[in-house]
Amino acid sequence: MPPVITYDPRKHVGVHPERVSHVSSTNFPGHFPNEDHSWDLERFRKGLTVKIERLSNRTIEFDLVGVDASIANAFRRILIAEVPTICVERVYVWDNTSVVVDEVLAQRIGLVPLNVDPAFMDMKQGPNDQATDRNTLVFRLQVACERRKNAPKDATDPNKLYINHEVLSSHLKWVPQGEQEVVMADNPPAPTNLNIVLTKLRPGQEIDMELHAVKGVGKDHAKFCPVATASYRLLPLVILNPEKPVPPELADKFQKCFSPGVIRVDPRTKAVNVDAKNTRNETMSREVYRHPEFEGCVQLARVRDHFLFNIESEGFYPPQRLLPEAIAVMRAKIATIKRAAETLLNNGDGLGDVEMAGA
């Protein structure tokens with residue numbers, strides 16, 4: 001027999017027909033009389049769980065259990081805004097006779113994700129810093145469109161009529177500077193997707209540009225964001241009331257009020273139960289609350305400290321590396337705050353030397 005789940009305001013967020021309840025966490029000292037809820041490292045370790053549910057080349061779904069919403073949201077925001085990547089920042093146009101103006105084409109090129117490990121590069125401290133082989137990558141974009149000499153006279157397909165009629169991200173060619181050819185020999189810099197269309201050309205049109213890529217973060221510009229999506233939701237719960245079971249003649253209708261696979265109906269007895277493994281797929285549409293015949297049969301809720309993360313990588317990082325990178329950024333921020341606090345305890349000696357991370 002599966003364990004009987006009951007609604008607990010201390011652990012669950014109540015989902016009602018027109019509102020939610022018990023949203024805020026209450027497990028802190030002083031909220032409940034005669035109960036010690038002071039933070040304990042060992043208890044936190046036992047309750048913390050990270051479990052990967054699905055992993056592909058670009059996406060990852062994992063469960064983060066045992067943390068407060070503020071921590072989960074901090075990871076989400078760091079993933080979007082503060083994990084560094086490499087993107088084209090400066091575009092030097094020598095020739096552009098395409099129909100796309102220089103500024104728009106430069107913007108499109110800047111949004112092309114590159115497969116460069118940010119650990120290999122330093123971040124410029126200002127826009128006017130000198131470009132070096134430690135903080136800048138150089139690419140060249142040289143494409144000219146020509147008419148195919150042996151193209152069929154009745155052809156209308158541009159692929160048969162022209163050479164280089166599309167300027168693709170694969171046309172970006174890395175030009176090594178200094179020691180870059182040795183340091184990056186195992187993984188030469190290039191776009192992660194070689195088939196991104198930047199613009200289209202016709203015979204007589206050409207593009208000649210020099211591109212400088214630098215290290216940056218998403219809060220400076222969206223092109224530096226390492227993820228296409230980074231979101232989470234709380235684990236759904238469907239709690240059946242054993243004192244008021246669903247009538248057998250309404251079991252199929254009850255099942256249709258939820259996402260497929262969430263509710264199981266016994267084909268013989270028409271008894272209703274919840275599939276715990278598929279509950280995570282429930283959309284919480286609250287459709288069941290629209291039918292008065294099911295009133296009191298079920299309570300919808302979410303687990304307050306169980307976060308279902310969905311992250312889609314868009315750049316160098318494999319999806320399983322993104323959370324550790326966000327954790328590293330958070331640890332650096334905490335270390336900075338710790339140094340500042342210790343400095344204040346020492347009567348402010350050396351406070352001017354403490355620089356906030358990401359400032």
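Annotation: side chain of D95 is not in contact with side chain of I207 (no heavy-atom distance under 4.5 Å). Looking only at side-chain heavy atoms (C-beta outward), V217 and V83 stay at 4.5 Å or farther from each other. Side-chain contact check for R264 versus V272: every heavy-atom pair is 4.5 Å or farther apart. You'll find the side chain of H37 stays beyond 4.5 Å of the side chain of F28, heavy atoms only. A 4.5 Å side-chain heavy-atom check between V167 and L141 finds at least one atom pair inside the cut-off. M330 has its side chain within reach of I78: a pair of non-hydrogen atoms, C-beta onward, lies under 4.5 Å apart. The shortest distance between side-chain heavy atoms of D63 and F307 does not fall below 4.5 Å. Taking the side chain as every heavy atom from C-beta outward, V23 and R304 never approach each other to under 4.5 Å.
Closest approach of Y289 and V15 over heavy atoms only: OH-O, 2.8 Å. In terms of heavy atoms, R268 sits closest to D266 at N-OD1, 2.8 Å. Listed here is the closest heavy atom pair of M123 and P84: CE-CB, 4.2 Å. Here the closest heavy-atom approach between residue G315 and residue R58 is recorded as O-NH1, 3.5 Å. Here the closest non-hydrogen pair linking T283 and R302 is O-NH2, 4.2 Å. The two residues F75 and A326 make their nearest non-hydrogen contact at O-CB, 4.2 Å.
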Side-chain donor-acceptor contacts of residues 113-122 below 3.5 Å, not counting sequence neighbours, with atom names and distances?
| residue | atom | partner | partner atom | Å |
| --- | --- | --- | --- | --- |
| N115 | OD1 | A190 | N | 2.7 |
| N115 | ND2 | N187 | OD1 | 3.2 |
| D117 | OD1 | A119 | N | 3.0 |

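Distance alone, capped at 3.5 Å, is enough to place a donor-acceptor pair between the N164 side chain and the A144 backbone. D129 places a side-chain N or O within 3.5 Å of a backbone atom of Q125 that can act as its donor or acceptor partner. Not a single donor-acceptor pair under 3.5 Å links the side chain of E312 to the backbone N or O of A228. Side-chain N or O atoms of Q255 include one that pairs as donor or acceptor with a backbone N or O of I263 at under 3.5 Å. Checking side-chain atoms of T85 against main-chain N and O of P226 turns up no donor-acceptor pair under 3.5 Å. Remark: side-chain polar atoms of E166 are not paired, donor with acceptor, to backbone N or O of L168 under 3.5 angstrom. Between the side chain of N135 and the main chain of Q130, a donor-acceptor pair closer than 3.5 Å is present. Without hydrogens or angle criteria, N278 side chain to D275 main chain gives no donor-acceptor distance under 3.5 Å.
With values rounded to the nearest 0.5 angstrom, M209 atom CE is found 11.0 Å from R140 atom CZ. L211 contributes atom CG, which lies 12.0 Å from atom SG of C87 (distance to the nearest 0.5 angstrom). Between the CG atom in D220 and the SG atom in C225 there is a gap of 12.0 Å [rounded to 0.5 Å]. For the atom pair CG of L250 and NZ of K256, the computed distance is 12.0 Å after rounding to the nearest 0.5 Å. From L198, atom CG reaches atom CG of L172 across 6.5 Å, with rounding to the nearest 0.5 Å. Residue I163 holds its CD1 atom at 8.0 Å from SG of C145, rounded to the nearest 0.5 Å.
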Next on the checklist: Go through it in stages, so that I can follow the logic: the residues are L105 and Q107, the test is side chain to side chain contact (heavy atoms under 4.5 Å, CB included), and I'd like the CA-CA distance, side-chain angles, deciding distance and then a yes or no.
Outcome noted: CA-CA 5 Å; L105 185 54; Q107 169 83 350; over 6 Å; no
Next on the checklist: One pair to check against side-chain hydrogen bond (donor to acceptor under 3.5 Å, both in side chains): D133 and Q180. What are the steps and the verdict?
Outcome noted: CA-CA 7 Å; D133 60 343; Q180 291 178 353; 5.9 Å; no
Next on the checklist: Between I311 and F62, does the side chain to side chain contact (heavy atoms under 4.5 Å, CB included) criterion hold? Intermediate values first, please.
Outcome noted: CA-CA 9 Å; I311 299 175; F62 64 89; 3.6 Å; yes
Item to check | Criterion salt bridge (Lys or Arg N to Asp or Glu O under 4.0 Å) on R321 and E325, from CA distance to verdict | outcome: CA-CA 6 Å; R321 185 177 158 185; E325 290 291 333; 2.9 Å; yes
Next on the checklist: Please determine whether salt bridge (Lys or Arg N to Asp or Glu O under 4.0 Å) holds for the pair K51 and E61, giving the CA-CA distance in whole Å, both sets of side-chain angles, and the decisive distance to 0.1 Å.
Outcome noted: CA-CA 9 Å; K51 182 182 178 182; E61 292 181 10; over 6 Å; no
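No more than 12 heavy atoms of other residues, nucleotides or ligands sit less than 6.0 Å from atom CD of E179. For R331, the CZ atom counts as loosely surrounded, since its 6.0 Å shell holds 12 or fewer non-hydrogen atoms of other residues, nucleotides or ligands. Surrounding CG of D157 are more than 12 heavy atoms belonging to other residues, nucleotides or ligands, all under 6.0 Å away. Atom CD of E243 is surrounded by 12 or fewer heavy atoms from other residues, nucleotides or ligands within 6.0 Å. When the shell of 6.0 Å around CZ of R43 is examined, it contains more than 12 heavy atoms from other residues, nucleotides or ligands. Atom NZ of K223 is surrounded by more than 12 heavy atoms from other residues, nucleotides or ligands within 6.0 Å. Other residues, nucleotides and ligands contribute over 12 non-hydrogen atoms within 6.0 Å of the CZ atom of R202. Crowding of R54 atom CZ: a count of heavy atoms from other residues, nucleotides or ligands under 6.0 Å exceeding 12.
Residues H22 and Y7 have side chains that bring a donor and an acceptor to within less than 3.5 angstrom of each other. H291 and E287 share a side-chain donor-acceptor pair at under 3.5 Å.
I60 and V329 fall within the same hydrophobic cluster, defined by Ile, Leu, Val, Met, Phe, Trp and Tyr side-chain heavy atoms under 4.5 Å apart, directly or through other members. Under a hydrophobic clustering in which Ile, Leu, Val, Met, Phe, Trp and Tyr are joined whenever their side-chain heavy atoms come within less than 4.5 Å, directly or via other members, F139 and L194 fall into different clusters.
A salt bridge is absent between K124 and E89: the closest approach of a Lys/Arg side-chain nitrogen to an acidic carboxylate oxygen does not fall below 4.0 angstrom. We find that E293 and K253 are joined by a salt bridge, their nearest charged nitrogen and carboxylate oxygen being less than 4.0 Å apart.
Ring centroid separation for the pair H212 and Y92 comes in under the 6.0 Å cut-off.
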